[in-house]
Amino acid sequence: MDVKQKVKLVIERLKNLYPDAKIALKFENPLQLLISTILSAQCTDERVNEVTAKLFQKYRTAEDFAKASLEELAEDIKSTGFYQQKAKYIKEACQILVEKYNGEVPKTMEALLELPGVARKTANIVLANAYGIVEGIPVDTHVRRLSQRIGLVKANQPEKIEKELMEIVPKEEWFIFPYLLQAHGRKVCLARKPKCEECVIKDLCDAYTSKN
DNA sequence: CTCCCGATAT
DNA sequence: ATATCAGGAG
């Protein structure tokens, strides 16, 4: 089957299965989304939401984070893992926001990529969910795993995977696509033990059809 | 490529 | 015990 046709069927079936698929991180403004997304590296969204519920009470503006004690900030985000790195990223990124962007989160890919701790995946998420600007497809661990298992892409590096996906996923689906794969990745197409028998797209999946 | 790194599932 | 969780920097 043509890979573009396959993508359309995958999207159609997953939309039907997960009609409410959307970002799982809780945020009230672009700054909160930026911080949450940085924290979400190698950590479940659920835990990030637990941490940010308290964090965003304590730190309300980019200035608050920029002025924060590194040790204290690290302690505040400890349970998300990689806490020393993430604390530095957040503090330094917010210092840049204060100095260059009047304390606001910039709206361009170029400006976002200059922030420490922010690469394409994080930038794509912030642009799309805070500003409605869809320039690409954020490739996280779920998007990568499912895209490879199903056989939508051949590449291994996130940036190459994103490029391949942008060529086969219709642009109007770029926004919803990663959330559909994330929902399916968390409920059915698990990393360690995928529940292939209850999967609604197993007939389209290379990993499944090659084993059965 | 390695390092950062706590919490949970298996 | 080990793999994995909305990654990114050096």
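Lettering of chains follows the sequences in order, A, B, ..., and the numbering in each one begins at 1.
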Can you list, by residue number, the residues of [range] that have a non-hydrogen atom closer than 4.0 angstrom to DNA chain C?
range: residues 77-98 of chain A; answer: Phe82(A), Tyr89(A)
range: residues 182-198 of chain A; answer: Gln182(A), Arg186(A), Ala191(A), Arg192(A)
range: residues 120-150 of chain A; answer: Lys121(A), Thr122(A), Ile125(A), Asp140(A), Thr141(A), His142(A), Arg145(A)

Presence of salt bridge, Arg145(A) and Asp140(A), under 4.0 angstrom: no

Cationic N near anionic O, under 4.0 Å, Arg120(A) to Glu159(A): no

Taking ring pair (Phe, Tyr, Trp, His ring centres under 6.0 Å) as the definition, give me every residue that meets it alongside [X], ordered by chain and number, with sequence neighbours left out.
X: Tyr59(A); value: Phe65(A)
X: Phe27(A); value: none
X: Phe175(A); value: Tyr179(A)
X: Phe82(A); value: none

Nucleotide dC5(C), atom P - distance to CG of Leu25(A) in whole Å: 15 Å

Euclidean distance, atom CD1 of residue Ile35(A) to atom C1' of dG8(C) [Å, nearest integer]: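 In whole Å, dG8(C) C1' lies 15 Å from Ile35(A) CD1.
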
Tell me, which pairs form a side-chain hydrogen bond (donor to acceptor under 3.5 Å, both in side chains) where one or both residues lie in residues 165-175 of chain A, sequence neighbours left out? Lys15(A)-Glu173(A)

Under the side-chain hydrogen bond (donor to acceptor under 3.5 Å, both in side chains) definition, can you give me all pairs with a residue in residues 187-204 of chain A, not counting sequence neighbours?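 Every side-chain hydrogen bond (donor to acceptor under 3.5 Å, both in side chains) pair that includes a residue of residues 187-204 of chain A, provided the two are not neighbours, is Arg13(A)-Asp203(A).
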
Any donor-acceptor pair under 3.5 Å linking the side-chain atoms of Asn124(A) with those of Glu162(A)?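 Yes - a donor-acceptor pair under 3.5 Å links their side chains.
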
Check against side-chain hydrogen bond (donor to acceptor under 3.5 Å, both in side chains), Lys160(A) and Gln157(A): CA-CA 5 Å; Lys160(A) 289 186 179 175; Gln157(A) 296 137 317; 3.3 Å; yes

Would you call [X] and [Y] a side-chain contact if the rule is heavy atoms closer than 4.5 Å?
X: Thr52(A); Y: Gln32(A); answer: no
X: Pro158(A); Y: Lys121(A); answer: no
X: Met166(A); Y: Ile137(A); answer: yes

Pairwise 5' ranking along DNA chain C for Ala24(A) and Leu113(A), keeping only the more 5' one: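 Taking each residue's closest nucleotide, the earlier one in sequence belongs to Ala24(A).
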
So, does Asn49(A) use its side chain to make a donor-acceptor pair with the main chain of Lys26(A) at under 3.5 Å?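 Yes, Asn49(A) side chain to Lys26(A) backbone: donor-acceptor pair under 3.5 Å.
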
[atom1] atom, [N] versus [M]: distance in rounded Å?
N: dA3(C); M: dC5(B); atom1: C1'; answer: 14 Å
N: dT4(C); M: dC4(B); atom1: C1'; answer: 16 Å
N: dA6(C); M: dT10(B); atom1: P; answer: 14 Å

In the single-linkage hydrophobic clustering (I, L, V, M, F, W, Y; side-chain heavy atoms under 4.5 Å), do Leu70(A) and Tyr83(A) co-cluster?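 Per the 4.5 Å side-chain linkage, Leu70(A) and Tyr83(A) are not co-clustered.
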
Please list, in numerical order, the residues of residues 154-173 of chain A that have a heavy atom closer than 4.0 Å to any atom of DNA chain B.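 Heavy-atom cutoff 4.0 Å gives no residues at all.
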
By a strict heavy-atom criterion of less than 4.0 Å, which residues belonging to residues 40-65 of chain A are in contact with DNA chain B? Gln42(A), Arg47(A)

Look at all strands and tell whether Ile38(A) reaches a base, only sugar-phosphate, or nothing, counting heavy atoms closer than 4.0 Å. nothing

Test of understanding: with salt bridge (Lys or Arg N to Asp or Glu O under 4.0 Å), list the residues that count as partners of Glu99(A), not counting sequence neighbours.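 Checked Glu99(A) against salt bridge (Lys or Arg N to Asp or Glu O under 4.0 Å); zero matches.
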
